[in-house]
Amino acid sequence: MLVQILDADYVMLENKPLLRIYGKTEKGDSACVFYSGFMPYFYVDEVPEWLKKDPQVFSIEPVERVYPMFYRTDKMKLFKVTIHDPSRTPELRDKVIEGGGTAYEADILFKYRFMADAGIGSLMWLDIKGASSANTSTVRTKTKFEVKGINIMDKVANSDFRSLALDIECVAENQGEVPTAERDPIIMISLVFSEEYNGKKEMVISYRPGSNVQSYNDENGMLKGLIDIINDFDPDFIVGYNINNFDLPYIIERMQRLKIPAMFTRATDKSAWTKKLAMGYRNNVLGRIIADPFALIKKDFSFKRYSLENVASELLGEHKEDVKYSEMEKLWKGDQKGYDRLVSYCLTDARLAMRLFGEFNLLDKYIGISRICCLFLQDVLDGGETQRIEHYLMREFNRNGYIFPLKPSQEEMAERDNQRKVGLKGGFVLDPEPGMHENVAVMDFKSMYPSLIRTYNICPTTLVGPDGPKFTEDEISKSPEGGSFVKPEIRKGIVPYILENLMNERANVKKRLKKATKDGNAAEVRELNTKQLGIKIMANAFYGHMGYPRARIYNMDVANAITSWGRQTIQKTKDIIEKDYGYKVIYGDTDSVMVELDKVFDNKKIAEVGNKISEEITKNLPGIMELEFEKIFKRFLPLAKKRYAAWAFIPKGGGEWVEKIDMKGIETVRRDWCDLSSETLRNVIDIILKENDRERAVQYFQNIAKSLGEGNIPMDKLVVTKTLTKRPESYPGVQPHAEVAKKMTQRNPADAPSVGDRISYVIVKGTQLLSYRAEDPEYVTEKGLHLDSIYYMENQLLPPVERIFEALNVTKSELMGKGKQMNLFSMMGKQASKKAKPEIPVADIIGFSCEECGRPYRRPTLTGYCECGGKILFSSAKGNADVVKNPS
DNA sequence: GAGGTCCGGGG
DNA sequence: GTGTACGGACCTC
């Protein structure tokens, strides 16, 4: 029988661990295979007397292993300690360490210890020889098997996975608070199935009857009903928007509170669990995978906001039902029509989560990584890069006779942190040549760091150590700033070996991908693309790992060797291009060089030159290092290191080009900018790059400024929105959105914003501090208030574009039109503020503002004058102002 | 530019 | 479960 594996655990049976591997059969049924006979073990360097007598110990045998740090030919004499119960390992390990001994591989999860030794990895298909063991009641999978033998199959296509999307609703006891599981019940749960369940694709369960609602007596009954439905439908994926940090912990905590065992895992003897960590929750449902579109989309898409409403409208063009938190209780307790709305709201959220999950292949990348690093999908989703790399490394090191060290202790990490501050240098970043450049060929090194590792055989196991064997110059490669490494003839390093395999495998997969694409085999294209992506991500992670203070095999000399060879490579490349070819390298960062080709204006010609230079340079590069022509910057405007805008043309093959605007380090979307800021910035960049007409760009900007001054910009382009994260009165400083919330509460207590609500605001004219002049846009419309165009000019419009214009030598005053017939401020009209100025008690002074234009300042300017020429005055909370007598 | 702080999604 | 434990945007020095 073939099983694709998703998860594993173990239980103790007659003082021996029994492994349970969960997966799917070819038919798409859930399956569990039982494996007994594998025992937990770890290594120690010496065997204390107490350990020999410990009843946990099954056997102790001497072994020889190679320590993975520094080139060495000697083997360590160690002892392999095999015990009965995996869960007892930590205490034995800690006791050994306390006694002054050293332990190895004593912090590897039992399931992963087994898989590593058996050569099994996540999502592999296993051919199971054995006997069906349907009589076991400890798991609830459709198929159960006792293993006699396992064969690893070559099959890559995934089984048919089954998903369940869910969304819960709950109402807080006190209006305006976020509900908590300790106190507030779940009132309703919507469920959306990836395939029909009892003839339905979706359902809503609750304990208030309604049309299309499956009703229970109470919350208790509803939650038990939920457990039954999950087990009955038996999903592989449990999906929900922010399910990781809200729905699932809430459900589990609620069940704990109501003394309902959370028995919806694939084992009958283990409940689902949730644990609160520093920042959020960690959840586990054994045998199933929890997938949160919120978490996944946040990593792979760039949006200003990641609310379900926002994401669904961006990605699906769909919207949530319009229900405010403040009306939920009313709907839950009110008439049937309102209740129906609540039901529909709940259902929509689960539907949207399911669509996002399914239509955007959100898991593909993680499936690819999981396949390569061998960790289960859930661990890849929840864990970081370190775990992936280390698991992979341990398997490879073990296979080659190396022992793998424990995770570093707190003290060790602190020590490394100090070391690192002194030592680790990064990539080489050239100072960009200022000003606009045209016809730039962009070349970069193909997988620079992995290639350097392979070229120079960089690895902890090839690093020449202080006490190890000595070598002649010919036998080693000496890095510019870092360690020396023995050449592959003496020993090939494990990391270079791993990278060689990964890179060859990826080339192979890409070849097959090309063919599958040509054949139009969509399923295979997806599989192969997933795989090459997984390999790429893994291969690029090795470099960073070795310079990471929390890594098990960390070494500064290794990390520094890689970056210093990188810097040397890029520097030499720059020199050759400038000396031998006579072109100017105007910018470069880590693995790329940008070369300005004078008097070459045709894309085809630029590509020819770029390709020629790359090829010729590559011929003289050591090892497998390869420079390649990547794209053209028709125009390139650097602002600073790591910040630029460019009009790029990327070769698509067959003489075709993809055109786009490349931006690095320039934020066009920021939470505290209104739409007008982003829009103006984008358009200014567009005009500058595509038309190369700075006059027109300035003019465009001035036109926007003029419309702003004349009040012709629609208000929705000037709105800034922020979330109220606490009660408005508990904000330490004055913040615009909190002030607006206070005003809204005062005006209409029934419609007071509550914690978690999004508050939109605009800034109106006046002399008070900015935050006090923040207003609800609806109120502004209603009362016909005027917006503060000076504020928008100075704080929203100018800052983003200023740096762009600066790079083109357009000064701020030129931009503002100063010195010309009419400056922008006069164009926009001055803000009158010369009114009576009573004395202000010092305690009331909260800031400063300009006498002429009313612009607020947190402290007076050095000159005591505003940019518009007006004097800076004190301003009080009440909006009065007085002349600053001594602005120092 | 480095170092510290805030905050997210969900109801 | 032989486990942990963010990351980007923003602000100040």
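In what follows, every chain begins at residue 1, and chains take the letters A, B, ... in the order their sequences are listed.
- Atom-to-atom, CG of A/Leu381 to P of C/dT4 comes out at 19 Å; the value is rounded to the nearest Å.
- Straight-line distance between the P atoms of C/dC6 and B/dG10: roughly 23 Å, to the nearest whole Å.
- The only option from A/Phe38, A/Phe110, A/Tyr112 that meets the ring pair (Phe, Tyr, Trp, His ring centres under 6.0 Å) definition with A/Tyr10 turns out to be A/Phe110.
- Checking the phosphate oxygens (OP1, OP2) of C/dG1, a side-chain nitrogen or oxygen of A/Lys111 falls inside 4.0 Å.
- Look at the C1' atom in both C/dG1 and C/dA5: the space between them is 16 Å, to the nearest Å.
- Heavy atoms of A/Tyr41 sit under 4.0 angstrom from at least one base atom.
- Distances from the side chain of A/Leu277 to the nucleotides C/dT4, B/dG10, C/dG1 place C/dT4 closest.
- Between A/Asp167 and A/Lys641, it is A/Lys641 whose nearest contact on DNA chain B lies nearer the 5' terminus.
- Within 6.0 Å of the NZ atom in A/Lys324, the count of heavy atoms belonging to other residues, nucleotides or ligands does not exceed 12.
- Within the 4.0 angstrom heavy-atom criterion, only backbone atoms of the sugar-phosphate kind lie near A/Asp349; the bases stay farther away.
- Legend: residues meeting side chain to side chain contact (heavy atoms under 4.5 Å, CB included) with A/Asp45, ordered by chain and number and at least two apart, are A/Leu78, A/Thr102.
- Per the geometry, CG belonging to A/Asn242 stands 13 Å off C1' belonging to B/dC7, to the nearest Å.
- Protein atom CD of A/Glu385 is 18 Å distant from nucleotide atom P of C/dT4, rounded to whole Å.
- Among the heavy atoms of the strands lying under 4.0 Å from A/Tyr241 are primed sugar atoms or P, OP1, OP2 only; no base atom is included.
- Using a 4.0 Å heavy-atom criterion, one finds that A/Ile168 contacts the sugar-phosphate atoms exclusively.
- Side-chain atoms of A/Tyr644 and A/Asp589 form no donor-acceptor pair, as typed in the model, at a separation below 3.5 Å.
- Note on A/Pro90: only backbone sugar-phosphate atoms sit closer than 4.0 angstrom, heavy atoms only; bases stay farther off.
- Put simply, CZ on A/Arg93 is 12 Å from C1' on C/dG1, counting in whole angstrom units.
- Within the structure, a side-chain polar atom (N or O) of A/Arg305 is placed less than 4.0 Å from OP1 or OP2 of B/dG9.
- Residue A/Phe246 has its side chain nearest to B/dG10 when only B/dG9, B/dG10, C/dT2 are considered.
- Considering only the side chain of A/Phe110, C/dT2 comes nearest among C/dA5, B/dG10, C/dT2.
- Phosphate proximity of C/dT4 to A/Lys407: present, with a side-chain N or O under 4.0 Å from OP1 or OP2.
- Among the protein residues, A/Lys299 comes within range of no part of the nucleic acid, since none of its heavy atoms lies under 4.0 Å from any strand.
- Salt bridge annotation for A/Glu327-A/Arg341: present, with a cationic side-chain nitrogen under 4.0 angstrom from a carboxylate oxygen.
- The distance from atom CZ of A/Phe42 to atom C1' of C/dT2 is 9 Å, rounded to the nearest whole Å.
- A/Arg208 forms a cation-pi arrangement with A/Tyr339, by the criterion of a distance under 6.0 Å to the ring centre and an angle within 45° of the ring axis.
- Rounded to an integer number of Å, the gap from A/Met115 CE to C/dT2 P is 14 Å.
- Rounded to whole Å, atom P of C/dT2 lies 13 Å from atom CD of A/Gln56.
- Picking from B/dG8, B/dG10, C/dA5 the nucleotide with the shortest atom distance to the side chain of A/Arg282 gives C/dA5.
- A salt bridge links A/Glu105 with A/Arg113: the distance from a Lys NZ or Arg NE/NH1/NH2 to an Asp or Glu carboxylate oxygen falls below 4.0 Å.
- Whole-Å rounding puts the A/Lys80 NZ to C/dT2 P distance at 17 Å.
- Look at A/Tyr10 and you'll find a side-chain N or O under 4.0 angstrom from OP1 or OP2 of C/dT2.
- Residue A/Ala106 places its side chain closer to C/dT2 than to any other of B/dG9, C/dT2, C/dG1.
- A/Leu92 comes within 4.0 angstrom of no nucleic acid atom, judged by non-hydrogen atoms across all strands.
- The listed nucleotides are B/dG9, C/dG1, C/dA5; the one nearest the side chain of A/Tyr306 is B/dG9.
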